[in-house]
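To keep things clear, I will list the structure first and then write my remarks on it.
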Amino acid sequence: MPVPKCVKFTVFVKFDSTGKVIVDRDEITISLRSKPKGGKANLELIKKLADYFGVNKNGIRIISGRTSKIKLVEVYI
């Protein structure tokens with residue numbers, strides 16, 4: 001059974017309507033449309049990162065910064 005590989009990224013969140021994902025080495029800048037209320041922005045973040053990396057949403061984990069614009073995220077490839 002293969003062991004899943006995990007990559008950690010520092011994610012900088014912006015709230016605007018562009019919806020862009022910019023990856024630069026171990027940093028990601030992502031634009032979200034959802035407001036940071038009730039966890040909606042974090043759910044959108046997970047969905048966008050899963051789509052970008054081509055993994056299941058379960059393969060994205062926010063390690064720290066759940067209530068911050070700067071987050072540490074693990075991506076399981």
Return the minimal non-hydrogen interatomic distance between Ala41 and Pro36, and the atom names on each side.
->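 Nearest pair, atom of Ala41 first, then Pro36: CB-CA, 3.8 Å.
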Kindly indicate whether the side chain of Phe12, heavy atoms from C-beta on, has any atom under 4.5 Å from the side chain of Glu27.
->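 Touching, per the 4.5 Å side-chain cut-off.
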Pairs in or reaching into residues 30-47: which pass salt bridge (charged side-chain N to carboxylate O under 4.0 Å, His left out), with residues at least two apart or in two chains?
->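 Found Glu44-Lys48, Lys47-Asp51.
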Pair listing, salt bridge (charged side-chain N to carboxylate O under 4.0 Å, His left out) test, anchored in residues 59-72, at least two apart =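 Non-adjacent pairs meeting salt bridge (charged side-chain N to carboxylate O under 4.0 Å, His left out): Arg61-Glu74.
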Residues forming a side chain to side chain contact (heavy atoms under 4.5 Å, CB included) with Leu72, sequence neighbours excluded =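 Side chain to side chain contact (heavy atoms under 4.5 Å, CB included) check on Leu72 returns Lys8, Thr10, Ile63, Ser64.
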Which residues satisfy the side chain to side chain contact (heavy atoms under 4.5 Å, CB included) test with Ser31, sequence neighbours excluded?
->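 So Ser31 forms a side chain to side chain contact (heavy atoms under 4.5 Å, CB included) with Lys14, Asp16, Thr18, Lys20.
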Apart from Ile77 itself, which Ile, Leu, Val, Met, Phe, Trp or Tyr residues share its cluster (side-chain heavy atoms under 4.5 Å, direct or through members)?
->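 Ile77 shares its hydrophobic cluster with Val7, Phe9, Val11, Val13, Phe15, Val21, Val23, Ile28, Ile30, Leu32, Leu45, Ile46, Leu49, Tyr52, Phe53, Val55, Ile60, Ile62, Val73, Val75.
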Contact list for residues 20-47, test ring pair (Phe, Tyr, Trp, His ring centres under 6.0 Å), sequence neighbours left out =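 Those involving residues 20-47 do not exist here.
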